[in-house]
Each structure stands twice: as C-alpha cells, then as structure tokens.
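To start, the structure itself, in structure tokens.
Here is the naming used below: chain letters follow the sequence lines, and residue numbers restart at 1 for every chain.
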Protein chains: 2
Amino acid sequence: MPRAGLAPATVVAAGAALADEVGLARLTMGLLAERVGVRTPSLYKHVASQDDLNRRIAALALNEAADAVGGAVQGLAGPDALAAAARAFRAFVLDHPGRYAATVGVEPTGPDDPMAAAGERLLGAFTAALRGYEIAECDVNHALRMLRSLCHGFATLQSAGGFRWSTDVDESFEWLIRFADRGLRTM
Amino acid sequence: MPRAGLAPATVVAAGAALADEVGLARLTMGLLAERVGVRTPSLYKHVASQDDLNRRIAALALNEAADAVGGAVQGLAGPDALAAAARAFRAFVLDHPGRYAATVGVEPTGPDDPMAAAGERLLGAFTAALRGYEIAECDVNHALRMLRSLCHGFATLQSAGGFRWSTDVDESFEWLIRFADRGLRTM
DNA sequence: GGGCATGGCTAACGTCGATAGCTTTAAGCT
DNA sequence: AGCTTAAAGCTATCGACGTTAGCCATGCCC
C-alpha cells in the first residue's frame, strides 16, 4: 500500500473544494477520503474530527476572503475601495459557497485559534475599505458591522437562492454599494 | 399503549421549540420523539422525513416572523416603521435562533409550497415598513433586498456569535437603523 | 358489535462519524 | 547498510441516527 503523501493542509484544501462542489451539508468523511484516494479512517491521522475539519476549512476560507478583499482594496480609497471590497467579497462567497458556509455558526475555540486570526484579517481588509471616508472614531465599529452585515447578508441570501423574483441581482448589489457609499459619505 | 394525540402541527411546533433550545444542528428525530412522548418511528406518521420537518419549521418561522414584523409596523410609517420592523425582526431571530436557522438554505419545492407563501408574507411586511419613504418604483426591489440583507446579515452574525469585540451590539443595531433611514430618506 | 383507517410499537437496515489495533512505509541515526 | 521508530495507511468494529417494514391497538362510523 503506497503512501498517498497527505498532509493536513492537503486534506483541508480538498475538503474545501469538495464542499464548494457538493455543498457543505453533503461533505462527508467518506466522500473526502475517496477524493484524496484513501480510506475513511486514514483521514483522522490528519484532522481530529469532522468538526476540526470544518474549523480548518473555515479558517482557510476566511484567510482567502481576506486576501481577496485586501487585494481588491489595494491602492484604492473611498468609494472605489468600498465598491471593490464589496464586489470581491460577494464574488468569493458565490465562487466558494461551501467553504464560506463553513465559517458561519462556528466560534473560535480560543485566542490562538487560527480562525480568530483569519477573521481579524478579513475585518482588517474591510477596515481598509473604509479608508477615505470621514468616519468619527466612535462610529467606525458600527460602520464596520454595518458593512459586514450587508455583504454577508446579501451574499448568503443570494447563495442560498433567497432572491427569487425577477429583478436583476447584480444590479441590486451595485445599487446597494451606492447606497452604502452615499450613507458613509454624509456623516 | 394510549395515544399521544399528535398532529403534524404539534410535532412541528415541538421541533421548532427544540431547535431553539438545543440548536438546529442538534435537533434529532430521536430527541424530538422523546420530547413529544413517542418512539422515533412514530414521528413518520406526521412528517415525511427530517427534511420535510425542516421545511415545515422554516414555514412556521417565516410566518411567525411575518406576524412579528407586520404587527410591529402596524399603524406606523417612515422612520418609525423602519425601526420597528428591524427591531422586531432581530428580536425574533435572537429569540428563536433554531427555527430561523431552518429557513436558510432551503428552497421552496414549488409555487404551492407553504414556505413560499410565508416568505412572501415576510417580504410584504418589510415592504410595508418602507411605506412613507419616497422610493422610485424601479428602486423599491433594490431597497427591499438591501433591508433584508442588512437585517438578515446582522441578526445571523450576532446569533452565531460573530460580533466578538467590545462595542455594544444593540447600539450598533440602532446605528444601523439610523443609517438605513438616512439613506432611504435622501433618494 | 364489526370493519377499518389511524397512530402507535418493535425490529431491522444503511450510512456515517469515530476508535482500536495491526502493519507497512520511509526517514534518520549509528 | 541495517536497525529503530514515528507516521500513515489499513481492516474491523462500535454507536448514533434516519428511515422502512410490518405488526397491533385504538377508536370512530355504520
């Protein structure tokens, strides 16, 4: 029996990809094992449990989202930065619905949990997107939460098929970006 | 063996209550059976499957949310209506996290699915909350989606423990309501 | 009182997550 | 090179859970 040459990172990456393909709810240890060419119990040499796998996928997803948003904001400020961040975030969620779904409803276990750091990174990227707006110190956390709620809510609702009727969804999102921009401008 | 006097609605209500208590992910057919005083297979005389149970809980939750939001908006218009709707919605999600969680990620099976009607009712309640604002015909769907994304995003993020740091969450939500109000006022 | 639909029950199966314990691989030391 | 040993694979197995089959008691309707 030749070795498969697996590492935790390989397993997690394959799990994230599989979750994107079949949906997080249908991501099973057996399916993942088959995907990486190994028997189910062997996976437990690399991840502690399915919950552990989920957390690692979540950390990966948050880091990737932070990269996407951070990269999009690079060199921009004000409305351009805001729009770029929002679009990058939504695109990431729509492209990777499974791994993003892994991030909802899981709390970091402690302050040294990689997920916590990844979440901070994503938050930092959104903070950078607010650079250029005149936001009072006491309002910045509120604005950040507003922006995160807006992007998270829209992307997850769309990803779940929540927008059913006719109006064009992309158009709604652009409208929403302009709405947030106008609001942030007049503070 | 005396009859338990169950009906589908009883089972669904108990399931929703249990989901709120232990979390939707831990809602199991066995646990629900124990709760209603019956053996597991007997539940299948009232619901077709766990997926069916989930859909019925979702329909119940959407109807209750529509009632809550609709009732709160009653007799109000403009900023007052908007604030009342948003507060009622968030309160519902925080009070009933399990049954609300049942609504995310499930699509209505067809046009006669009770879930679709319930969703329309909730949408109608939010639409009523926008009465009093001067919104162009072509913008009303966008505004509705914005409002829904904002409320859904904030409530689910908070419900999942997504706001970890210090700033007061209630205060953020009130800030968010004022933000939306200002934006809707100037269109 | 005698059908008969209804709503319980027990028994059992398949799937899935997880653990135990064995074996083999391959890396590293002497 | 050859031995040691941790790591990584395997089979076998368990327990939980969803689901189905098939049986039996209840209680309504005539």
Check whether more than 12 heavy atoms from other residues, nucleotides or ligands sit under 6.0 Å from atom CZ of B:Arg182, and answer yes or no.
yes
Parallel, tilted or perpendicular: which one describes the rings of A:His96 and A:Phe92, with boundaries at 30° and 60°?
tilted
Considering just the side-chain nitrogens and oxygens of B:His46, establish if one lies under 4.0 Å of OP1 or OP2 belonging to C:dG8.
yes
Integer-rounded Å distance: D:dA8 P and A:Leu6 CG
9 Å
Short side-chain donor-acceptor distance under 3.5 Å, A:Asp20 and A:Tyr100
no
Please give the angle, rounded to 10 degrees, between the axes at the start and the end of the helix from C:dG1-D:dC30 to C:dT30-D:dA1, where five pairs define each axis.
10°
Produce a footprint string for nucleotides 17-22 of chain C: one letter per nucleotide, 5' end first; B if the base is under 4.0 Å from any protein heavy atom, S if only the sugar-phosphate is, - if neither.
SBB---
Is there a side-chain contact between B:Ser42 and the phosphate of C:dG7, meaning an N or O under 4.0 Å from OP1 or OP2?
no
A:Asp139: salt bridge (charged side-chain N to carboxylate O under 4.0 Å, His left out) partners, not counting sequence neighbours:
none
Do B:Asn63 and B:Arg121 have side-chain heavy atoms sitting under 4.5 Å apart?
yes
How close or far is atom P of C:dT15 from atom CD of A:Glu34, stated in whole angstroms?
13 Å
Atom CD of B:Glu174 and atom CG of B:Leu176: how far apart are they, to the nearest 0.5 Å?
9.5 Å
Using whole Å, report how far CG of B:Leu43 lies from P of D:dT19.
11 Å
Quiz item: cation-pi between A:Arg185 and A:Tyr133, 6.0 Å / 45°:
no
Please state whether the rings of A:Phe179 and B:Phe179 are parallel, tilted or perpendicular, taking 30° and 60° as the class boundaries.
perpendicular
